[in-house]
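What you see is a predicted model; the values in this text were computed from it and never measured. Chain naming here is simple, since letters A, B, ... match the order of the sequence lines and numbering starts at 1 in each.
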2 protein chains.
Amino acid sequence: MFTKSESPQQNAVRKGAATIARSTIGKIRGTYDQLSRTEKKVAQLALDNPGVVSEMTIKELSSATGVSTATISRFVKRMDYANYREFTMALAHMAIEDTPQVSSFPELDEGDSLSTIANKTFRYTIHSLEATNEALSEHELARAVLKLIHAQSVTFFGLGGSSIAALDGYHKFLRTSLNVAFYPDYDIQLMQAAKLGKDDCAIIISHSGRNHETLNIVNELNNNGVTVIAITSYSGSPLAQAADVSFLSLTDEVNYRSEGMYSLISQLAILDSLFMMTVLRISSRTDQTLTKVRDVIEQTRHEL
Amino acid sequence: MFTKSESPQQNAVRKGAATIARSTIGKIRGTYDQLSRTEKKVAQLALDNPGVVSEMTIKELSSATGVSTATISRFVKRMDYANYREFTMALAHMAIEDTPQVSSFPELDEGDSLSTIANKTFRYTIHSLEATNEALSEHELARAVLKLIHAQSVTFFGLGGSSIAALDGYHKFLRTSLNVAFYPDYDIQLMQAAKLGKDDCAIIISHSGRNHETLNIVNELNNNGVTVIAITSYSGSPLAQAADVSFLSLTDEVNYRSEGMYSLISQLAILDSLFMMTVLRISSRTDQTLTKVRDVIEQTRHEL
DNA sequence: TTGAAAAGTGAAACTTTTTTACATATAATA
DNA sequence: TATTATATGTAAAAAAGTTTCACTTTTCAA
């Protein structure tokens with residue numbers, strides 16, 4: 001709580017045995033009875049609107065209360081503050097402590113101010129990431145990384161909104177020594193799926209996990225014995241069921257308008273994790289590869 | 001009561017308990033690049049010891065940093081505070097909010113277990129998002145949304161890694177009533193830039209903000225009077241300077257391997273925010289558009 | 001009651017702090 | 001290199017805060 005022991009001149013001002021270190025509210029409330037009529041006006045306003053008063057100058061407070069600046073100045077000393085500045089500071093602190101952070105997840109509202117909308121959006125996003133992170137299992141991660149490292153090639157699949165995640169995965173893994181591919185078009189994705197074999201690995205991303213086209217691709221991959229790593233939001237989805245390894249992007253959606261929005265970022269974070277793990281695991285195996293990877297990264301580092 | 005509504009720029013900066021237009025850290029960090037040598041000294045000290053600095057008078061801070069009081073006074077105005085008093089107040093708040101945070105950010109290590117790597121990746125990501133969120137200013141958001149809503153067309157630009165963010169933005173805004181476009185190829189982006197005019201709006205994404213090709217596009221856009229909204233990681237970058245409105249994706253990168261990785265997600269989150277704001281603002285203007293947008297979203301909801 | 005003495009108060013003088021104006025230096029630009 | 005724009009410190013002005021002092025009210029013993 002707020003003892004003002006930081007300020008050196010403090011001790012000089014401190015008087016009387018009565019005043020032990022005390023919170024601002026306590027200090028004012030405790031002394032309230034002993035205050036004079038005018039001083040009470042000041043104390044009252046300060047207690048009622050600490051936040052507002054904390055931003056006032058002594059003159060403003062003076063005219064707001066009808067009490068002279070002189071009296072206010074003396075008042076704050078009586079309350080054991082070194083000066084007016086310190087008093088307002090304490091009020092500001094008090095105002096903050098009094099506003100407990102309610103970290104509920106309120107729905108976005110049309111009446112929201114712009115920064116509120118932004119804040120809520122970020123909060124949701126962060127929340128999704130936390131949930132996604134918690135759902136990751138070491139075991140699944142290990143299997144995925146193992147498959148990736150030993151794969152002859154890694155192809156990323158994703159349609160519609162999920163093509164963005166697939167593209168991102170492709171971009172990232174391009175920096176590694178792995179042999180990666182991505183095709184934006186569905187028909188080509190399907191054709192490529194047919195060409196892969198049991199030494200290859202596929203990473204498929206789909207929010208719902210039940211999109212028809214996506215399932216066609218998975219089917220094709222399964223038939224060819226390709227290792228399938230899935231990233232989806234629903235563990236019960238056909239995609240998750242058909243995959244060798246699957247990761248969940250959990251979103252806890254509240255607002256239907258946002259559907260898929262937060263899951264994309266969670267998908268990317270999963271890909272980031274896979275990327276980092278792959279890089280670190282590959283590099284610890286072959287120093288040669290390591291330096292090669294580093295070179296590549298170094299090159300791309302300052303771009304774009 | 002006595003709010004200091006006399007000063008006009010005040011309202012933009014004014015922070016209600018919950019709706020902080022922009023946090024102090026974000027404000028200082030976001031502007032850090034643009035500060036002069038002397039100003040950086042002040043900013044540094046303030047960031048390092050907000051609690052201590054918050055209790056200093058301007059003179060004390062002056063002699064502590066070796067910078068004249070005049071410069072400090074001007075510095076705080078540049079940071080958008082009404083006066084020095086308000087600045088110290090904000091620092092005091094920040095000092096409180098910051099203290100419970102002990103979360104260190106350990107570097108990723110090759111010896112880390114897989115789940116540790118994943119956890120760290122998620123932690124970094126979340127941290128970047130928090131920093132990015134704090135750096136958003138209500139004022140810039142408002143300007144961006146206004147431009148977007150009234151634009152004849154909105155084109156997304158982004159090269160290399162940033163093309164993913166641009167593509168994502170395009171995908172999202174496709175769901176709105178806005179007239180949007182995106183072209184993956186650089187040459188086509190450049191040609192399209194030449195075709196836009198002063199009623200159009202462009203959203204350009206670039207991590208470094210100093211990529212040569214990107215700047216060519218910006219140049220073209222500026223010449224044609226196109227409104228440019230930039231998303232970049234450096235406030236001092238040529239892109240940020242040339243843009244009408246710019247947003248910062250702050251990443252606090254620790255590991256060179258991750259460069260750009262976390263910023264992508266922050267960029268997406270900024271786009272998400274812009275998207276939500278635009279949808280909500282458009283919808284509150286025309287009910288007709290609202291239902292139309294809802295229909296579209298409803299349609300796309302269960303896909304992919 | 002009444003008349004010191006004590007306590008409270010505001011106006012104004014005074015001190016300190018902060019801001020602004022101005023001159024100079026430095027960097028950027030053409 | 002000349003010219004303009006940008007920073008910076010000094011010093012003067014303005015604003016904020018404190019103290020002094022004269023006046024009023026309250027307290028309380030005679």
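- Here D/dA15 presents its P atom at 19 Å from CZ of A/R85, a figure rounded to the nearest Å.
- Side-chain atoms of A/N119 do not come within 3.5 Å of backbone N or O of B/N133 as any donor-acceptor pair.
- Applying the side-chain hydrogen bond (donor to acceptor under 3.5 Å, both in side chains) definition to pairs two or more places apart or across chains, those involving residues 187-201 of chain B are B/S153-B/D200, B/Y183-B/Q192.
- With hydrogens and angles ignored, the 3.5 Å screen pairs a side-chain donor or acceptor of B/S128 with a backbone N or O of B/Y124.
- Straight-line distance from the CD1 atom of B/I72 to the P atom of C/dT20: 15 Å, rounded to whole Å.
- Note: CD (B/E39) to C1' (D/dG9) measures 13 Å, nearest angstrom.
- The side chain of B/A70 approaches D/dG9 more closely than any other nucleotide in the set C/dT17, D/dG9, C/dA12.
- Side-chain nitrogen and oxygen atoms of A/R74 include none within less than 4.0 Å of the OP1 or OP2 phosphate oxygen of D/dT20.
- Of the possible polar contacts, none joining the B/T155 side chain to the B/F182 backbone as a donor-acceptor pair under 3.5 Å is found.
- Using cut-offs of 30° and 60° for the angle between ring planes, the B/F173 and B/F156 rings count as tilted.
- Of all nucleotides listed (C/dT18, D/dT8, D/dG9), D/dT8 comes nearest to the side chain of B/T38.
- Of the candidates D/dT18, C/dT20, C/dT19, D/dT18 carries the atom nearest the A/N83 side chain, counting heavy atoms from C-beta on.
- Checked against C/dT18, D/dT19, C/dT20, the side chain of A/S73 finds its nearest nucleotide in D/dT19.
- If you take CD1 of B/I58 and C1' of C/dT16, they are 13 Å apart, rounded to a whole angstrom.
- Atoms CE (B/M79) and C1' (C/dT19) sit 18 Å apart, rounded to a whole Å.
- Contact between the side-chain N/O atoms of A/T71 and the OP1/OP2 oxygens of C/dG10 is found at a separation under 4.0 Å.
- Within the 4.0 Å cut-off from OP1 or OP2 of C/dA25, not a single side-chain nitrogen or oxygen of B/R37 is found.
- Between A/K41 atom NZ and C/dG8 atom P there is a gap of 15 Å when expressed in whole angstrom units.
- Remark: P of C/dT20 and OH of B/Y84 are 16 Å apart, rounded to the nearest angstrom.
- OP1 or OP2 of D/dG17 has not a single side-chain nitrogen or oxygen of A/K77 nearer than 4.0 Å.
- Listed nucleotides C/dT19, D/dT18, C/dA11 differ in distance to A/T69; the shortest reach to its side chain belongs to D/dT18.
- The separation between A/F75 atom CZ and D/dT19 atom P is 16 Å, rounded to whole Å.
- Within the structure, every side-chain polar atom (N or O) of B/S68 is placed at least 4.0 Å from both OP1 and OP2 of D/dT8.
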